[in-house]
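Structure, as structure tokens:
Just so you know, ligand 1 is whichever comes first in the structure, and atom 1 is the first atom listed for that ligand.
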Amino acid sequence: MNDSVRRAAAMLLVILGGAALWWAGSGAPASASANDAMVATIAAAREHAAANDPRLKGASRFEEGGWIYVHLEGDPGALGYQHGYLLAPEIEDGFAAVSAGMMHSTQRDWEFFRKAAREMLWPKIDAEYQQELQGIVEGLRARTGSKLDVDDIVAFNAFEELPDYYVPWLNKKQKAANAPNLKSPGNCSAFVATGSWTRDGQIVMAHNNWTSYRNGERWRIVFDIAPKNGYRILMDGFPGVIASDDDFGINSDGLMVTETTITQFEGWDPNGKAEFARARKALQYAGSIDEYTKIMLDGNNGGYANDWLLGDRKTGEIAQLELGLKAYKLWRTKDGVLAGSNWARDPKVLKEDAPEFDANNKESSPNARRARWDELLKENKGRIDVALAVKMLGDHSDTAQKKEDANEHTLCGHVDGSPRGVKEWGWQAYYPGGAVQGKATDATMTKEMRIMARMGHPCGGDFLAKPFLAAHPEYAWEEPYLRDMKAGPWTEFRSGQAAKE
Ligand SMILES: [Zn+2]
């Protein structure tokens, strides 16, 4: 018997002993507090046993600037176990908020998503990521006694692709009567620049994440991942999800990755590979723009279809991979800027994958922000650096109304302030969503595995749930999940970082 097995066996005896005492006591008129104490003892024994699990070796967690930083290392099972264990409270909380949203918008029950995860997604997930997802479940259960299983965690990992890509495709295929009018999301404002556009001639990349405040306020994890195979990763992310998912990340071979989502994208391939698994794999294994593109195209299922903005700090080259399902296009340059605000531009992608998108409507959120990126980036050609990039992420210039405002037209989105909402994404008037956090980095920082990140609106503004819900009772269903989203400071994070003393 090795040490860990002996320790686990000893702990099991403690747990069983506790349970036996509790069981013996339950026939007698034992007080509720005695039972509570016994439950707490069992929970403490479980936590103690879990904390001694050798899979936690090397893992750590600390909080700074409103972010939760976790360092994960080792083989896939260990990465997952550490993730599940260290972020257990946040995973339970994030799962509740996200699953409620998925069920609310689609009018499907949770079992529907579990089945899709189990039958459609799981068989095509690489063994490495299956082990990591299973590890999350084990770490989570060891820490909190969670009831979540791997089907729950896989469906949860696919929260950007199942409700808004798979379900509309399925509704159409089944000609479902009274199906909700689902729209694919439009997440984010971002750019990547290089050459004569930047202050030092090297790559600068920046991104703010647009989503519901309900989910976005929970999108506060910095993952520092040292996997057994592949490159080291530093990325922002969501508790319980193995990809960055919003997306912003760098790897130790110098690849820089972000994206914005294609508005009004339609399509799904049930035989493809889950987007979250491809995106994670690409960040972990791609050392070049070509390798990144190859991994994303392999088994493309159309889920969470994005305009990927890429940089390779080794060559100074940047690229845009507009990844439709029926069509895709790759642009690349060593001297230029590529921006995104949720619009596709390749005629073939527009025609075949986003046919409803109106590229000429200057009033829409994607196009108003596109116009602002154009003028803001041109104004600053040759001066772009990380300090300027983080200011751009908080920009409130509305090109549609030609004034300073904070709404759906601005790079820093505040749709809760807009009577128009964003109809292209199905966001009604005053929808509680917009830019929920921002990140930036450059080639030098990437070489040293560093990023800047701000939790909350990149402009520094706060969202307060209580007055919002009082003013907008139509969003009352979100009340159990919608929380204040207060902005933190711009904070630097780096791989291998330890908590400040
Ligand atoms: Zn703002």
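The side-chain contact (heavy atoms from CB on, under 4.5 Å) test with Ser495 is passed by exactly one of Ile451, Val222, Ile225, Asp224: Asp224. Across Glu404, His414, Lys403, Arg372, a single residue satisfies side-chain hydrogen bond (donor to acceptor under 3.5 Å, both in side chains) together with His396, and that is His414.
For Phe62 and His71, the ring centers sit 6.0 Å or farther from each other.
Inter-residue side-chain proximity for Leu148 and Phe156 is flagged as unmet; no heavy-atom pair is nearer than 4.5 Å. Using a 4.5 Å cut-off on side-chain heavy atoms (C-beta onward), Ile242 and Asn157 make contact.
Classified by interplanar angle (parallel below 30°, tilted 30° to 60°, perpendicular above 60°), the ring pair Tyr304/Tyr165 is perpendicular.
Around the Zn ion (ligand 1), the protein atoms of type N, O or S that sit closer than 2.8 Å are His396 NE2, Cys412 SG, His414 NE2, Cys459 SG.
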